[in-house]
Novice: 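Please see the structure below; I have some questions.
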Amino acid sequence: MIKFLILILGLVFAGTPYNQKKVLVLSDNPAIYVSHSQFFNLLSKSFRVDYKNIQSNTFNLQLFGEWQYDHLILFSTTNDLKVSTQELLDFYDSGRNILLLGSTDQSKYFRKFLNSFGLDMHEYGSSVVDYFNNIKGNQNVVTTSNVNILKVDKPIAHQGAGLAMTPYETFQVYGLVRGSETAFSGPNLSHNIIYVGATQGRNNARFVATGSWEILSDEFLNNSNLGNFELAQEIILWGFGQSKILKAENLIHRRLDSDDIKPYNYRLREDCYFSIDIFEWDYQKDQWVPYVSTDNDVILEFVMLDPYYRLPLKKGDGAKYELQFKIPDVYGVFQFKINYLKPGYTFLKIAEKITVRPFRHDEYGRYLVQAFPYYFSSFGTMAGFVVFLIAFLLNK
C-alpha cells in the first residue's frame, strides 16, 4: 500500500509545474497582469512564473552562489531595478535568457542595460509613425511583415518607440521584427527601425528586447487579423531556448581504407573520411530530431593556423553530415574544425586535433617518377663505360 502511494505521489509531482523551469517577471505596474493576460497564459503553459515588483527587495536572482531563476522578464519603467546591471549581465553570462519589454520613457538604467547588447532605444518621448502601413488610419499604430528568424505569417502591429542597431544583420545581433520602409521615428526621422531586437551570446544565451509593451498586449494578441499572438509564441519559444537549438555528437574521422576510428595521426596525401551527427530540438515532439540545413552551409575546416581546406559537408542518412577528402601535402598539427554560426540557431563550435606525419622511409615507392632522369643518367653512364671498354679492348 505504501509503495502504491509513493508511486501515485511520484506521478502527480512529475506532472506539476514545479518540474518546469522558473521565470521571474519584474514590473512596477500591476495593470500589466490584466493588459497582458494572454501573454502570461502562454508563458505559464511552459514555465513556472514568479511575479515580483521591480522595486521589491523580496527576490534574489542569486542565493548562496546558485541562480534562482532560469529566465527573466523585465517591464522597463522610469524606476531603476534594485539589482545592478552587472548582476543582470552575470545572469545572462551564466547561460540564462532575458526578455526586456521597453518603453519610450524608460530610465537610463534600462537604456544602459540595453546598450550592453548592441541595441539602443530611440529618443525619449519618440514614437514610430507610419502613414502607409497602419491600422484604421492611425499612423501611431503601425504594422509590418518584415520578420526575421521567427515564423509569423500575418502582419504584426506595434505602438510605441523603436530600437536601433547596425544597419546590417550580424551572427549575434539582429532584428527579429523590423519596421516597413515607410516607418520613421524621432525628430531626425530615423529609418531602419527595429520593433523587436535580439542578441545571442557565444554561450548561446538569448536576449530579446521590444520597443514597447503594447506589441505583446491583449489588444493586439486578441486580433485574429494580426500576427502578434504568433509573435508572442515565437518569442517565448526562441527567447527562452525551446526552438532552434542544435547539438552535435558522434564525430568520426578515419582513413578511407580503414575501420580504425579517430587515429592519432595521418600520413601525407592519405584519403580521409569525416562525419558528424547534428540534431535539432523539436519542442512539439519533445525530442531531438535530425537537423536539415537547406543552405548547404555546414562547413568543415582543416586547420593548421590557417585553414588548408574549407569544405561543405554533405547531408547523409538521418542526422549525419559527411565528407571525403585528401590530406594535404604538409605535415604538422592540424584540427578538424566546425564553427557553425547560423543566425537564429545556437552556435556549434567543434574542434578535434590530429597530427599529419611525413612518409616513413619504407613507405616510398621503389622507383619515383621524379627520379627517372637520374636513373637514365646512371644507367647511361654504365652503358657508355661498357661500350668504351669493348671498343678499347678490341681496337688494334
Side-chain angles (χ1 to χ4, degrees), residues 92-98 117-118 147-151 165-166 168-176 197-208 234-235 237-254 261-262 266 272-328 333-354 356:
Y92 177 80
D93 289 340
S94 68
R96 288 160 172 79
N97 308 301
I98 300 176
F117 296 93
V147 182
N148 180 32
I149 295 173
L150 307 181
K151 296 180 180 179
M165 57 168 279
T166 53
Y168 53 86
E169 309 293 340
T170 69
F171 71 93
Q172 280 189 276
V173 184
Y174 24 76
L176 298 180
T199 299
Q200 181 167 283
R202 293 183 183 274
N203 61 351
N204 289 322
R206 289 169 174 172
F207 172 82
V208 179
E234 287 292 307
I235 287 178
L237 290 173
W238 187 87
F240 293 155
Q242 293 184 297
S243 68
K244 299 189 184 297
I245 306 296
L246 302 179
K247 75 169 183 178
E249 58 185 30
N250 197 26
L251 187 154
I252 293 174
H253 60 85
R254 59 176 174 82
I261 296 175
K262 294 187 177 181
Y266 289 85
C272 177
Y273 170 81
F274 178 92
S275 71
I276 191 169
D277 294 343
I278 301 179
F279 296 91
E280 180 178 3
W281 178 253
D282 189 326
Y283 63 90
Q284 294 177 327
K285 298 180 180 179
D286 196 31
Q287 65 181 18
W288 293 99
V289 298
Y291 170 65
V292 180
S293 172
T294 57
D295 301 322
N296 196 30
D297 56 357
V298 183
I299 305 297
L300 171 67
E301 296 180 337
F302 196 62
V303 179
M304 185 177 67
L305 298 181
D306 293 319
Y308 274 74
Y309 292 145
R310 188 177 280 124
L311 305 168
L313 293 173
K314 299 177 181 178
K315 184 71 174 70
D317 296 332
K320 190 178 297 297
Y321 286 81
E322 57 189 356
L323 177 69
Q324 297 177 15
F325 68 97
K326 189 179 290 291
I327 300 294
V333 179
F334 283 81
Q335 281 186 324
F336 295 105
K337 185 176 287 187
I338 294 176
N339 195 17
Y340 192 58
L341 306 175
K342 188 169 186 176
Y345 287 86
T346 53
F347 305 142
L348 290 178
K349 294 187 177 182
I350 302 152
E352 181 92 4
K353 187 182 296 184
I354 58 104
V356 176

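Model, not experiment: these values are computed from the prediction.
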Novice: Side chains of Y340 and D297 only: does a donor on one sit below 3.5 Å from an acceptor on the other?
Specialist: yes
Novice: Check whether more than 12 heavy atoms from other residues, nucleotides or ligands sit under 6.0 Å from atom NZ of K353, and answer yes or no.
Specialist: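 No, because the 6.0 Å sphere around NZ of K353 holds 12 heavy atoms or fewer from other groups.
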Novice: NZ of K320 to CG of N250: how many Å apart, nearest 0.5 Å?
Specialist: 5.5 Å
Novice: Thinking salt bridges, do K314 and E322 make one under a 4.0 Å N-O criterion?
Specialist: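 Salt bridge between K314 and E322, a charged N being under 4.0 Å from a carboxylate O: no.
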Novice: Could you pull out the closest heavy-atom pair between I350 and A248, with the gap in Å?
Specialist: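 The pair with the smallest heavy-atom distance is CD1-CB, 3.4 Å.
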Novice: Using every non-hydrogen atom in the two residues, find where L300 and L313 come nearest and quote the distance to one decimal.
Specialist: CB-CD2, 3.9 Å
Novice: Evaluate the side chain to side chain contact (heavy atoms under 4.5 Å, CB included) criterion for residues I245 and Y345: first the C-alpha distance (whole Å), next the side-chain angles of each, then the deciding distance (0.1 Å), finally the verdict.
Specialist: CA-CA 6 Å; I245 306 296; Y345 287 86; over 6 Å; no
Novice: What are the two closest non-hydrogen atoms of Y321 and K315, and how far apart are they?
Specialist: CZ-CD, 3.3 Å
Novice: Are Y291 and D277 packed together at the side-chain level, in the sense that at least one heavy-atom pair is separated by less than 4.5 angstrom?
Specialist: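 SC-SC contact between Y291 and D277 ruled out.
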Novice: Between W281 and D286, is there a side-chain heavy-atom distance shorter than 4.5 Å?
Specialist: yes
Novice: For the atom pair CE (M304) and CD (Q335), what is the distance rounded to the nearest 0.5 Å?
Specialist: 11.5 Å
Novice: For V173 and F117: C-alpha separation, side-chain torsions, deciding distance, then whether side chain to side chain contact (heavy atoms under 4.5 Å, CB included) applies.
Specialist: CA-CA 8 Å; V173 184; F117 296 93; over 6 Å; no
Novice: When rounded to the nearest 0.5 angstrom, what distance separates CD in Q172 from CZ in F207?
Specialist: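 So the CD of Q172 and the CZ of F207 are separated by 14.0 Å.
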Novice: G239 and V208: which non-hydrogen atoms are nearest, and at how many Å?
Specialist: CA-CG2, 4.0 Å
Novice: Supply the atom-to-atom distance F325 CZ to L311 CG, rounded to the nearest 0.5 angstrom.
Specialist: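 The distance works out to 7.0 Å.
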Novice: Looking at side-chain heavy atoms only, is the closest gap between L246 and K342 below 4.5 Å?
Specialist: no
Novice: Any idea which heavy atoms bring G344 and Y174 closest together, and the distance?
Specialist: N-OH, 3.3 Å
Novice: Return the NE2 to CG distance between H253 and L323, rounded to the nearest 0.5 Å.
Specialist: 13.5 Å
Novice: State, to 0.1 Å, how close I338 and I276 come at their nearest heavy-atom pair, and which atoms those are.
Specialist: CD1-CG2, 4.0 Å
Novice: Are the side chain of W238 and the backbone of K244 linked by a donor-acceptor contact shorter than 3.5 Å?
Specialist: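 It does not hold such a pair.
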Novice: Count the heavy atoms belonging to other residues, nucleotides or ligands that lie under 6.0 Å from NZ of K151, then report whether that count exceeds 12.
Specialist: no
Novice: Report the residue from Y266, F334, Y308 that forms a ring pair (Phe, Tyr, Trp, His ring centres under 6.0 Å) with F302.
Specialist: F334
Novice: Quick check for you: to the nearest 0.5 Å, what is the distance between I299 atom CD1 and K337 atom NZ?
Specialist: 14.5 Å
Novice: Under 6.0 Å from the CG atom of D317, do we count more than 12 heavy atoms belonging to anything else shown?
Specialist: no
Novice: Could you go step by step and tell me if Y92 and T199 meet the side chain to side chain contact (heavy atoms under 4.5 Å, CB included) rule?
Specialist: CA-CA 11 Å; Y92 177 80; T199 299; 4.0 Å; yes
